[in-house]
Amino acid sequence: MTDRPETTDTDADTSTGTDADTDAVADPVMEMVSRPHAENFIAWSASRPEVLVLSADLTNSCEVGRWRDTYPDRFITAAMAEQNMLGVAGGLAREGFVPFIHTFAVFIYRRAYDQLAMSVAYPNLKVRMLGFLPGIVTPGGVTHQAIEDVAIMRATPNMTVLETGDATEVESMLDAVEHVDGPVYIRVLRGEVPRLFPADEPLRLGRSRLLSDGGDVAVLTAGITTEEALRARRALQRAGVGVSHVHVSTHKPFGDEIIENAVSSARCGVVTLENHTVVGGLGSAVAEYMAERGIGRRLVRLGLDDTYAHGASKAYLMREHGLDSAALVTAVESLVGERLGVTDADFASARTDAVHSEAKAEAL
């Protein structure tokens, strides 16, 4: 092993939304927030009468049951007719309202894409699409697992695409996109959500978070994979690997100086880890970004490898499809060119999600 410069977690920097030297970021076993969107959205909507909610028979499952009861005149149920829901949302936006669609992510872009593209994206209307159960967080199987949504939404003109990674980002996503004068799609976490980032360091549109700084490997994660990478990062650093860990919440528009600095200074290469197919998501965005800037580094993309998942727990699927800490270590080993001797026992404790809980209306 060649000598590497000493690496440390970054100091707190409010300009990047980081606080990587705290236990809250270093250890994913931390404060859990129950239904962070539910209460926050009620309060946020109070002074915004133009905000409406559209739901497709998944109201409680998408945490707007109490919102409906609080603002019944601003709630519209579309039943199981997502195509109509997107068309209605486009019409309402033309009249000056700001419709917030709440449903499972997979039903927004698979079931109603023509209406999404023609009634919302093409006229560049201010519709907010909140997609719950992104990727493999659900045991509902292929019909409920949104594994190619980032790719499709990134390819849709006029679309802004975000992904929440913790309770702080769920609570701050509304403010982050309020002034976007066009459609927005957000992958939203629900139920019991960990707080990985300080509550006073909100999600900022187009701004990544630098969670650690090191010169050997850059690791870029989004959504639930950030928590998984945090489990492995300290073990990698103890093995002598300098890791620059970047959390990405804005998929489109993509890129900032934090990402550029991390990938351009990574001596051995770059790893992306995403809750999505490796085609068209975070890994593809990073590849495009590096190629356009002539950043010649090896890139390893971890995610669903051109395959569908199936019904199982999140932990099982992350392990089966190589989205967990062990897969990240293996990818880093391939870049540094040697075995690091890291085992599962070296990782921070895993958090186990209850399939059924008071914060989830159903297993799906």
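Along the sequence shown, residues are numbered consecutively beginning with 1.
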Quiz item: Is a donor on one side and an acceptor on the other found under 3.5 Å between the side chain of N40 and the backbone of P36?
Solution: no
Quiz item: Hey, are the side chains of V342 and R238 touching, using non-hydrogen atoms and a 4.5 Å cut-off?
Solution: no
Self-check item: Identified salt bridge (charged side-chain N to carboxylate O under 4.0 Å, His left out) counterpart of E169 within the set R195, R204, R209
Solution: R209
Quiz item: Which heavy-atom pair separates H310 from Q145 by the least distance, and what is that distance?
Solution: O-NE2, 3.0 Å
Exercise. May I have the step-by-step check of side chain to side chain contact (heavy atoms under 4.5 Å, CB included) for S284 and R301, ending in yes or no?
Key: CA-CA 8 Å; S284 293; R301 295 178 297 161; 3.6 Å; yes
Quiz item: What residue among E171, E39, E192 forms side-chain contact (heavy atoms from CB on, under 4.5 Å) with V33?
Solution: E171
Quiz item: What distance separates M159 CE from N124 CG, expressed to the nearest 0.5 Å?
Solution: 9.0 Å
Quiz item: Distance from D346 atom CG to T343 atom OG1, nearest 0.5 Å?
Solution: 4.0 Å
Quiz item: Any chance OH of Y316 has more than 12 other-residue heavy atoms, nucleotides or ligands included, within less than 6.0 Å?
Solution: no
Self-check item: Closest non-hydrogen atom pair, V127 against A93
Solution: CG2-CB, 3.8 Å
Quiz prompt | N/O donor-acceptor pair under 3.5 Å between K314 side chain and I224 backbone | solution = no
Exercise. Report yes or no: do F75 and I108 belong to one cluster of Ile/Leu/Val/Met/Phe/Trp/Tyr joined by side chain heavy-atom distances under 4.5 Å?
Key: yes
Quiz item: So do V300 and S334 actually touch side chain to side chain, heavy atoms under 4.5 Å?
Solution: yes
Quiz item: Run the side chain to side chain contact (heavy atoms under 4.5 Å, CB included) check on F254 and V286 step by step: do they pass?
Solution: CA-CA 8 Å; F254 183 82; V286 171; 3.7 Å; yes
Quiz item: Is a side-chain donor or acceptor of T164 paired with a backbone partner of L189 at a separation under 3.5 angstrom?
Solution: yes
Exercise. Output yes when a side-chain donor or acceptor of D216 lies under 3.5 Å from a complementary backbone atom of C268, and no otherwise.
Key: no
Quiz item: side-chain hydrogen bond (donor to acceptor under 3.5 Å, both in side chains) with R187: which of H251, E163, H276?
Solution: E163
Self-check item: Evaluation steps, side-chain hydrogen bond (donor to acceptor under 3.5 Å, both in side chains), between T221 and T225
Solution: CA-CA 6 Å; T221 60; T225 63; 4.5 Å; no
Self-check item: Side chains of I186 and R128 in contact at under 4.5 Å (non-hydrogen atoms)
Solution: no
Exercise. Check whether any side-chain heavy atom of R190 sits under 4.5 Å from a side-chain heavy atom of C62, and report yes or no.
Key: no
Exercise. Dump the intermediate steps for side-chain hydrogen bond (donor to acceptor under 3.5 Å, both in side chains) on T138 and H144, then the final yes or no.
Key: CA-CA 7 Å; T138 170; H144 284 67; over 6 Å; no
Quiz prompt | D166 side chain reached by E227 side chain, heavy atoms, under 4.5 Å | solution = no
Quiz prompt | Note, V271 side chain near V217 side chain (heavy atom, < 4.5 Å) | solution = yes
Quiz item: Side-chain donor-acceptor pair under 3.5 Å between T59 and R68, yes or no?
Solution: no
Exercise. Might you work through the side chain to side chain contact (heavy atoms under 4.5 Å, CB included) test for Q237 and S212, ending with a clear yes or no?
Key: CA-CA 10 Å; Q237 291 171 333; S212 69; 3.8 Å; yes
Quiz item: Can you name the nearest heavy-atom pair linking L299 to G283, along with the distance?
Solution: CD2-O, 3.9 Å
Practice problem: Identify the heavy atoms of A146 and D149 that sit nearest to each other, and give their distance. | Solution: O-OD1, 3.2 Å
Quiz item: Any link between V137 and Y308 through a network of hydrophobic side chains (Ile, Leu, Val, Met, Phe, Trp, Tyr) touching at under 4.5 Å?
Solution: yes
Practice problem: Decide if the gap between the ring center of W67 and the ring center of F100 is smaller than 6.0 angstrom. | Solution: no
Practice problem: Please round to the nearest 0.5 Å and tell me the distance separating atom OG of S61 and atom CG of L133. | Solution: 8.0 Å
Quiz prompt | side-chain hydrogen bond (donor to acceptor under 3.5 Å, both in side chains) pairs, two or more places apart, involving residues 100-116 | solution = H37-H102, E82-R111, Y109-E148, R110-E148, Y113-T156
Practice problem: May I ask you to test the L304-V278 pair for a side-chain heavy-atom distance under 4.5 Å? | Solution: no
Quiz prompt | Donor-acceptor contact present, side-chain E274 to main-chain L282, <3.5 Å | solution = yes
Self-check item: Interatomic spacing from OG in S45 to OH in Y71 - rounded to 0.5 Å
Solution: 5.5 Å
Quiz item: Taking the side chain as C-beta and beyond, is there a heavy-atom pair between L92 and I76 under 4.5 Å?
Solution: yes
